[in-house]
Amino acid sequence: MASCSATSALSLCSLLKLNCRVSPAHKNFPFLPLSVSRKRILSPPSLSFSFKKNPRIAPPRFSESEAPVIEVEAGPVPESEPAQIVETSSEVPKREEVFAVVMIGSRQYIVFPGRFIYTQRLKGANVDDKIILNKVLLVGTKTSTHIGKPVVPNAAVHAVVEEQVLDKKVTVFKYKKKKKYRRNIGHRQPITRIRITGITGYQDSPAVTLDSL
Amino acid sequence: MTRIRQGYIARRRRAKIRLFASSFRGAHSRLTRTIIQQRIRALVSSHRDRDRQKRDFRRLWITRINAVIRESGVSYSYSRFIHNLYKRQLLLNRKILAQIAIFNRNCLYMISNEIIK
């Protein structure tokens, strides 16, 4: 798929080059500051759906298999492979016991690899799109935590959009007594279900460990 | 004009309302006119409390964070913790801090140590 190769092209580009600037064709991907909300990127629906705000330098490290790291560092690789390897390595049953706190749509979520979360509707993301969340505020393992000030540098949470769905119906009932005023309105909020596949890129940042307590 | 019986129209309307109030206590789930009133009260409460929910949860999180923070250090409290949090430019919100306090308390201690420095 064109968008898939564009996605992996983006990711490859960032992996291999320093200060990778996305090509001028993707004009809406400037080097955005971290505090910009995700809505900025979502306007052109035809562009690739990897929501990388700042193309990062660090290669993704998957504890499940070493194959992707080696292949990426080798250089010339068929572009579709890293994307596929990302997907298959996340199916391996062994999971790292990491968690991250990620900010999506100005809400914060605690995120574990392999589980899903419901967020506000991400416009422009289709089902089975891979998403990279860059606003990682905290990454924790059993023995150490990487605290972000305010964001953990180079950390990224990889996720896959599972479905774009409407929330359960909420009845908004407005009523004033003795004034013959009642309004009955139903509301279903559009949400997106996202499955977290991995948390990467946090190893470099300074960690606080249990020993220092 | 031909005579028209009401038929099942009112019954179907009231059945829906009765279904809504089917788990209410006593007469509130049995008597039709009471059911209608109680349904209105229930919906109004839920609408009002959806806004209160946001306030209530924030209070709960603050209480929980306060409880955990006071254990570490003599005169350390929630207010000082939050002040340090802002000084150090951390963006974690109270919901996450309260969750961390329950699920991974060491992590919270690490954060507070990191901030105090």
Side-chain angles (χ1 to χ4, degrees), chain A residues 34-35 37 97-112 117 134-152 167-187 189 205-213, chain B residues 13 16-17 19-21 36-51 53-54 57-58 61 65 68-69 71-73 76 81-82 84-117:
Chain A
L34 289 166
S35 54
S37 74
E97 294 174 349
V98 215
F99 72 90
V101 172
V102 95
M103 187 183 273
I104 305 179
S106 82
R107 290 196 204 162
Q108 300 177 12
Y109 302 90
I110 291 193
V111 145
F112 297 85
I117 53 171
N134 277 319
K135 269 180 146 175
V136 178
L137 305 175
L138 179 90
V139 180
T141 50
K142 279 211 156 155
T143 48
S144 66
T145 35
H146 304 256
I147 303 174
K149 298 176 180 168
V151 175
V152 179
D167 207 358
K168 259 179 111 175
K169 182 179 281 194
V170 153
T171 315
V172 178
F173 190 81
K174 304 190 187 179
Y175 174 80
K176 286 197 206 282
K177 60 184 181 186
K178 299 182 205 162
K179 303 301 172 200
K180 304 206 179 175
Y181 170 82
R182 63 173 81 169
R183 302 280 182 268
N184 197 348
I185 302 171
H187 176 71
Q189 178 74 6
S205 50
V208 184
T209 49
L210 271 178
D211 319 317
S212 57
L213 269 186
Chain B
R13 186 183 72 237
K16 278 189 276 185
I17 300 180
L19 177 67
F20 180 89
I36 296 174
Q37 294 163 0
Q38 293 310 312
R39 176 179 182 270
I40 292 176
R41 295 185 58 96
L43 289 172
V44 168
S45 296
S46 82
H47 179 46
R48 180 194 65 224
D49 291 336
R50 245 175 279 127
D51 291 326
Q53 198 180 50
K54 302 160 180 66
F57 270 112
R58 187 167 161 127
W61 298 327
I65 297 172
V68 172
I69 287 296
E71 289 174 8
S72 60
Y76 200 43
F81 176 68
I82 295 289
N84 289 336
L85 208 75
Y86 286 155
K87 253 195 335 193
R88 287 308 197 106
Q89 296 181 325
L90 264 67
L91 274 186
L92 296 162
N93 63 7
R94 288 145 184 83
K95 168 175 98 175
I96 296 292
L97 289 170
Q99 284 289 100
I100 295 179
I102 296 177
F103 140 81
N104 193 348
R105 196 175 282 208
N106 288 332
C107 192
L108 197 68
Y109 289 149
M110 287 192 239
I111 294 175
S112 69
N113 281 346
E114 183 69 20
I115 291 174
I116 289 181
K117 275 186 243 163

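First the proteins, then the strands, lettered A, B, ... as listed; each starts at 1.
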* To do: Can you measure from CG (B/Leu90) to CD1 (B/Ile82) and round to the nearest 0.5 angstrom?
  => 10.0 Å
* Selection residues 100-112 of chain B - residue pairs positive for salt bridge (charged side-chain N to carboxylate O under 4.0 Å, His left out), sequence neighbours left out -> B/Glu71-B/Arg105
* Measure the shortest side-chain to side-chain distance between B/Asn104 and A/Thr145 over non-hydrogen atoms and say whether it is less than 4.5 angstrom. => no
* Asked: Tell me, side chain or backbone of B/Arg50 under 4.5 Å from chain A's heavy atoms, or both, or neither?
  -> side chain
* **Straight-line distance of B/Cys107 SG to B/Gln99 CD, nearest 0.5 Å** => 12.5 Å
* Structure fact -> Whatever's closer than 4.5 Å to a heavy atom in chain B on A/Arg182 counts as side chain
* Given a strict heavy-atom distance threshold of 4.5 Å, which part of B/Arg41 is in contact with chain A: side chain, backbone, both, or neither? -> neither
* Asked: Partners of A/Lys142 by salt bridge (charged side-chain N to carboxylate O under 4.0 Å, His left out), sequence neighbours excluded?
  -> A/Glu97
* Give the member of B/Ile96, B/Ile111, B/Val44 that has the highest number of heavy-atom pairs under 4.5 Å with chain A. => B/Ile96
* Asked: At a heavy-atom separation under 4.5 Å, does A/Ile147 approach chain B through its side chain, its backbone, both, or neither?
  -> side chain
